[in-house]
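In what follows, chains carry the letters A, B, and so on, assigned in the order in which the sequence lines appear, proteins first and then strands, with residues in each chain numbered from 1.
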Amino acid sequence: MTRFDSLLDSLGRTPLVGLPRLSPSASVRLWAKLEDRNPTGSIKDRPAFFMVERAEAEGRLTPGCTVLEPTSGNTGISLAMVCKLKGYSLICVMPENTSVERRQLLEMYGAEIRLSPAAGGSNEAVAVAKKLAADNPDWVMLYQYGNPANADSHYETTGPELLADLPEITHFVGGLGTTGTLMGVGRYLRERVPGVRIIAAEPRYGELVYGLRNLDEGFVPELYDPSMLDARFSVGPEDAVRRTRELVEQEGLFVGISTGAILHAALAQAEKAVRANERADIAFVVADGGWKYLSTGAYSGTLDEAAERLEGQLWA
Amino acid sequence: MAIEARIPTILRTYTGGEKAVSGQGSTLQELFVDLDSRHSGLRARLVGEDGSLARFVNVYLNDEDVRFLGGVETPLADGDVVTILPAVAGG
């Protein structure tokens, strides 16, 4: 059934597509979960919808409320759509070093943007949002970093979809930001697939983003439970851009830069399986399409030029 | 046996501003002790009093988070690259 009563009803049930050219062999296969096929074009539609619905069910969100959220972009865009359709105002606190397309989309949906300083990246956005929430007790901060409904959205939808489409799954590779995807899918798969490996790919930004004033300003999302992961990889912009381009050139998939980082970690698992002479069916997340990142310059020029242009930007 | 340690901006006060310094050790623990002998005070920022990695410090051995390898006991080999970063938010 591909007919839905409204856009929100069409959430999820995204395709899982094989990558015959990038997969090393018939027994070590890569599968891409196309999360760009969600209502606003990213995986964040799932947690945004679930967080709003749960806040409504709990009575925290009532008609006319203002929603507040720290976000580097995709969660804000998803919330902006959900809030627009449900009649809430939205204020997003976003680092200033995010792509112009993200800001344009938020403005188009009618969200108000408060920019936080580039240095410190999303840590600063979280700090600014927490202060705003304290100063404005009538605003409702959904707080994706600590809201169980974020991980639950993946436990209840992304995880079951993956297992239904790929019962033979051996690895799941996702991006690590709020940790919601990995915590939710990880919990679902571990309960049902003995030995499944849950692998995190974390973007490694330029120095500006790690420009905290002291180490105590560091941030670990409240949702994060490291026991849910088997390995965690840091992927720099060179590798992320290279893999992003390989996906276009070899498989025809036009994806955002963070997906390149995720594929990089997935390919490392594939190579490991080949070396160990083991069967592997590795599913990874295509978090969004490349459209919102064209202005970053990541899709033109040499790899070195593209990586250089990403310096200082929050590209995932 | 040389290992390259990449130092984040926030800790370069201990390395005279150097982005990367060279050290030795057969484990991460030993590398930190070796680095501390030339960059006094660095180790205390990286590991807590109980000897495990500090909460907001992430350490990667050739891009893999050492907390999923062996923590401070993770074995190192010649030519390894150890990257130290503060924990930051995504999303």
Side-chain angles (χ1 to χ4, degrees), chain A residues 44 47 69-76 95 119-127 144-145 150 175-181 199-205 207-221 223-224 226 229-236 239 258 264-265 268 314 316, chain B residues 3-15 17-21 28 32 35-36 39 41-50 52-76 80-91:
Chain A
K44 298 294 188 181
E69 187 65 20
T71 169
S72 57
N74 276 337
T75 303
S122 294
N123 286 32
E124 276 294 318
V126 170
Q144 56 176 334
Y145 300 97
N150 173 358
L176 193 80
T178 69
T179 76
T181 309
I199 310 292
E202 169 187 24
R204 186 169 64 246
Y205 300 114
E207 289 185 359
L208 180 70
V209 176
Y210 299 98
L212 311 181
R213 281 179 292 273
N214 64 69
L215 269 181
D216 299 331
E217 287 180 5
F219 181 76
V220 176
L223 289 178
Y224 184 51
L229 301 181
D230 292 285
R232 172 173 165 173
F233 294 91
S234 168
V235 185
D239 288 324
S258 70
H264 187 67
L314 275 181
Chain B
I3 291 147
E4 182 186 332
R6 295 186 182 161
I7 309 294
T9 327
I10 197 169
L11 295 177
R12 286 183 202 153
T13 47
Y14 299 98
T15 60
E18 290 294 318
K19 286 183 177 188
V21 292
L28 195 59
F32 288 167
L35 291 177
D36 204 68
H39 310 289
L42 181 62
R43 183 173 177 274
R45 305 298 303 278
L46 303 176
V47 293
E49 284 172 7
D50 65 350
S52 66
L53 282 175
R55 175 163 165 75
F56 293 127
V57 169
N58 289 333
V59 178
Y60 304 89
L61 169 61
N62 304 325
D63 292 344
E64 185 165 1
D65 187 335
V66 299
R67 284 191 173 93
F68 297 91
L69 297 171
V72 292
E73 300 302 329
T74 302
L76 302 179
D80 277 345
V81 176
V82 169
T83 304
I84 301 163
L85 287 174
V88 300

In terms of heavy-atom proximity below 4.5 Å to chain B, should N150(A) be classed as side chain, backbone, both, or neither?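 It is neither, since no heavy atom gets under 4.5 Å.
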At a 4.5 Å cut-off on heavy atoms, which part of E202(A) comes close to chain B: side chain, backbone, both, or neither?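 The side chain, not the backbone.
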Applying side chain to side chain contact (heavy atoms under 4.5 Å, CB included), can you list everything that pairs with P95(A), at least two apart in sequence or on another chain?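 Per chain and number, P95(A) pairs via side chain to side chain contact (heavy atoms under 4.5 Å, CB included) with N97(A), T98(A), S116(A), S122(A), A125(A), L314(A).
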Under the side chain to side chain contact (heavy atoms under 4.5 Å, CB included) test, which residues partner N214(A), sequence neighbours left out?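 For N214(A) the side chain to side chain contact (heavy atoms under 4.5 Å, CB included) partners, ignoring immediate neighbours, are D216(A), E217(A).
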Pairs of donor and acceptor atoms involving the side chains of residues 69-76 of chain B, under 3.5 Å and at least two apart or interchain, shall be tabulated with distances.
{"from": "T74(B)", "atom 1": "OG1", "to": "G70(B)", "atom 2": "N", "distance (Å)": "2.9"}
{"from": "T74(B)", "atom 1": "OG1", "to": "G71(B)", "atom 2": "N", "distance (Å)": "3.1"}
{"from": "T74(B)", "atom 1": "OG1", "to": "G71(B)", "atom 2": "O", "distance (Å)": "2.6"}

ring-ring contact (aromatic ring centres under 6.0 Å, His included) between F233(A) and Y60(B): does it pass, once the steps are laid out? CA-CA 8 Å; F233(A) 294 91; Y60(B) 304 89; 9.4 Å; no
Among A200(A), G121(A), S234(A), G175(A), which residue forms the greatest number of heavy-atom pairs with chain B at distances under 4.5 Å?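 Option with the top pair count is S234(A).
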Against chain A, label R67(B) side chain, backbone, both or neither, depending on which of its atoms sit under 4.5 Å from a heavy atom there.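 The answer is neither part of R67(B).
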Quick one: what part of V57(B) sits under 4.5 Å from any heavy atom of chain A, side chain, backbone, both or neither?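 V57(B) touches chain A through side-chain heavy atoms alone.
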From D230(A), I199(A), L229(A), residue fulfilling side-chain contact (heavy atoms from CB on, under 4.5 Å) relative to F68(B):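 It is L229(A), the one option of D230(A), I199(A), L229(A) that forms the side-chain contact (heavy atoms from CB on, under 4.5 Å) with F68(B).
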What are the two closest heavy atoms between E124(A) and A119(A), and how far apart are they?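 Heavy atoms only, the tightest pair is CG-O, 3.1 Å.
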What's the verdict on side-chain hydrogen bond (donor to acceptor under 3.5 Å, both in side chains) for N62(B) and D80(B), showing C-alpha distance, side-chain angles and the deciding distance? CA-CA 6 Å; N62(B) 304 325; D80(B) 277 345; 3.0 Å; yes
Applying a heavy-atom distance below 4.5 Å, give me the residues of residues 4-13 of chain B that approach chain A, sorted by number.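 Within residues 4-13 of chain B, the residues that come under 4.5 Å of chain A (heavy atoms only) are T9(B), I10(B), L11(B), R12(B).
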